[in-house]
Number of protein chains: 2
Amino acid sequence: MKLTERKITTELRKHGYKLTPQRQAVIDTIVASQDLLTPARVYEKVSREHPDIGLVTVYRTLELLSRLGLICELHSGGTCPTYTASNPEHHHHLICSGCGKVVDFTGHNLAPLENRLARESGFRIQNHVLEFIGVCSACQETK
Amino acid sequence: MKLTERKITTELRKHGYKLTPQRQAVIDTIVASQDLLTPARVYEKVSREHPDIGLVTVYRTLELLSRLGLICELHSGGTCPTYTASNPEHHHHLICSGCGKVVDFTGHNLAPLENRLARESGFRIQNHVLEFIGVCSACQETK
DNA sequence: CTGCTAATTGATAATCGTTTTCAGTTGGAC
DNA sequence: GTCCAACTGAAAACGATTATCAATTAGCAG
């Protein structure tokens, strides 16, 4: 279940943070997107509607939302972190360490493990990353 | 099964790469370590024995070994990638998006999934990352 | 062993993403 | 409306990584 914009703004208020137009814009963008977004990509999308928002503010907002657990920060292979609203439609990655090719896959249910971990650790778990790293068939042939 | 230094040097030769003392040193360091190492950490360790090796060379060697599939590059939460010899003793992480605390856990067997993926994709799978992201109990209480 | 050549190296500079600093602005409680 | 802490954007600082380039060297041919 994706977080709604409403839920997020309520959470912000509850923790004493102000609800600025800039934050609204970043939240809208994250919630509306199906993809994992890098900070630069969020900035690009936000800028279309709000040209005078600063990249710095995007970084700050992402950091805040992530800290409050309203969005998730993931590190999937590339050099930049990516963000997504909590509990998105989920898929996993198979990454080639040779050429960087990424293949998506689905169909593995981690819910039982997630429940066990939540119970044992006290964490409120929002998301997970499952990546396999290997060498794709093309790269196995290359010298 | 960890890769031996011998196996790695043989692979290098096979692909037409030269076996320099600098590469030897980096390989030794990676193979000898149980931990995930950042490039900076590899450089630090290598420098003890070989003070005149350059950080740039460490980066290049890590990139080469990773491309050949002899070591794995992982992205576990932090800002830097980390490297490890293929198929190390493996554990997984539970990461708090609030404070960054990392809790290790073990006991989930991904081998069946790994086999299925290798069969379906043609990848030679070397490693995997399984991370759960959430908010730890302490951060759930903080505003 | 000697010489050759392409691969490799280290130092420097450039680049990229991110964070800090700071002076000016603003949301929202009163 | 007034006020103040929270927030903002621009610029500078920062750390990790990559590109450039002249000098060195591994490994092969003779």
Side-chain angles (χ1 to χ4, degrees), chain A residues 8-27 29 36-47 49-68 71 73-83 97 100 142-143, chain B residues 8-27 29 36-47 49-68 70-71 73-83 97 99-100 142-143:
Chain A
I8 293 180
T9 55
T10 308
E11 277 292 310
L12 272 187
R13 290 291 191 74
K14 186 160 70 181
H15 292 284
Y17 293 104
K18 292 180 180 175
L19 184 53
T20 64
Q22 292 91 336
R23 282 179 182 167
Q24 289 253 34
V26 172
I27 292 167
T29 299
L36 303 181
L37 300 175
T38 60
R41 191 110 178 69
V42 172
Y43 175 62
E44 179 198 325
K45 280 171 171 271
V46 167
S47 293
E49 299 292 323
H50 306 262
D52 36 359
I53 202 172
L55 177 58
V56 186
T57 298
V58 172
Y59 273 101
R60 279 189 287 230
T61 305
L62 292 174
E63 191 276 332
L64 173 63
L65 295 176
S66 172
R67 184 154 38 80
L68 290 178
I71 62 173
E73 182 182 323
L74 305 177
H75 294 263
S76 300
T79 59
C80 311
T82 55
Y83 294 85
S97 61
T142 322
K143 79 155 195 174
Chain B
I8 292 181
T9 55
T10 308
E11 277 292 310
L12 271 188
R13 290 291 191 75
K14 185 159 71 181
H15 291 284
Y17 293 103
K18 293 180 179 175
L19 185 53
T20 64
Q22 292 91 335
R23 282 181 181 163
Q24 288 253 34
V26 171
I27 292 167
T29 299
L36 302 180
L37 301 175
T38 61
R41 192 109 178 72
V42 173
Y43 175 62
E44 180 198 325
K45 280 172 171 271
V46 168
S47 292
E49 299 292 322
H50 306 263
D52 36 359
I53 201 170
L55 176 58
V56 186
T57 298
V58 171
Y59 273 101
R60 280 189 286 229
T61 304
L62 292 174
E63 193 276 330
L64 172 63
L65 296 176
S66 173
R67 184 155 38 80
L68 291 179
L70 300 171
I71 62 173
E73 181 182 324
L74 304 177
H75 294 263
S76 300
T79 58
C80 311
T82 56
Y83 295 85
S97 60
C99 62
T142 323
K143 78 155 195 173

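Excluded from the calculations below are hydrogen atoms, water molecules and symmetry mates; all remaining heavy atoms, backbone and side chain alike, are included.
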Item to check | Y43(B) OH to dG15(D) P, straight-line distance once rounded to whole Å | outcome: 16 Å
Return the polar atom pairs (N/O with N/O) between nucleotides 16-18 of chain D and the protein under 3.5 Å, or none.
from    : atom 1 : to     : atom 2 : distance (Å)
dT17(D) : OP2    : Y59(B) : OH     : 2.1
dT17(D) : O5'    : Y59(B) : OH     : 3.1

Checklist outcome for this item: Per-nucleotide protein contact along nucleotides 24-30 of chain D, 5' to 3', at a 4.0 Å heavy-atom cut-off (B base, S sugar-phosphate only, - neither), is --BS---
Next on the checklist: From NE2 of H50(A) over to P of dT8(D), roughly how many Å is that when rounded to an integer?
Outcome noted: 13 Å
Checklist entry - How about R67(B) and L64(B): do any of their side-chain heavy atoms sit closer than 4.5 Å? => result yes
Item to check | Interatomic distance where CD belongs to Q24(A) and P belongs to dT26(C) [whole Å] | outcome: 16 Å
Checklist entry - Hey, are the side chains of L68(A) and Y17(A) touching, using non-hydrogen atoms and a 4.5 Å cut-off? => result yes
Checklist entry - CG of L12(A) versus P of dG27(C): gap in Å, rounded? => result 15 Å
Item to check | Donor-acceptor contact present, side-chain T29(A) to main-chain A25(A), <3.5 Å | outcome: yes
Next on the checklist: Test salt bridge (Lys or Arg N to Asp or Glu O under 4.0 Å) on R60(B) and E63(B); report intermediate values, then the result.
Outcome noted: CA-CA 5 Å; R60(B) 280 189 286 229; E63(B) 193 276 330; over 6 Å; no
Checklist entry - Heavy atoms, side chains only, cut-off 4.5 Å: are T82(B) and L37(B) in contact? => result no
Next on the checklist: Distance check needed: dT12(C) P versus R60(B) CZ, whole Å only.
Outcome noted: 14 Å
Next on the checklist: Please enumerate all residues that pass side-chain contact (heavy atoms from CB on, under 4.5 Å) together with Y59(A), with sequence neighbours excluded.
Outcome noted: P39(A), L55(A)
Item to check | Length of the line joining D52(A):CG and dT8(D):P, which is rounded to integer Å | outcome: 13 Å
Checklist entry - Separation of E73(A) atom CD from dT18(C) atom C1', in whole Å? => result 11 Å
Item to check | Donor-acceptor contact below 3.5 Å, side chain S47(A) vs main chain H50(A) | outcome: no
Item to check | Side chain proximity check, I53(B) to Y43(B), heavy atoms < 4.5 angstrom | outcome: yes
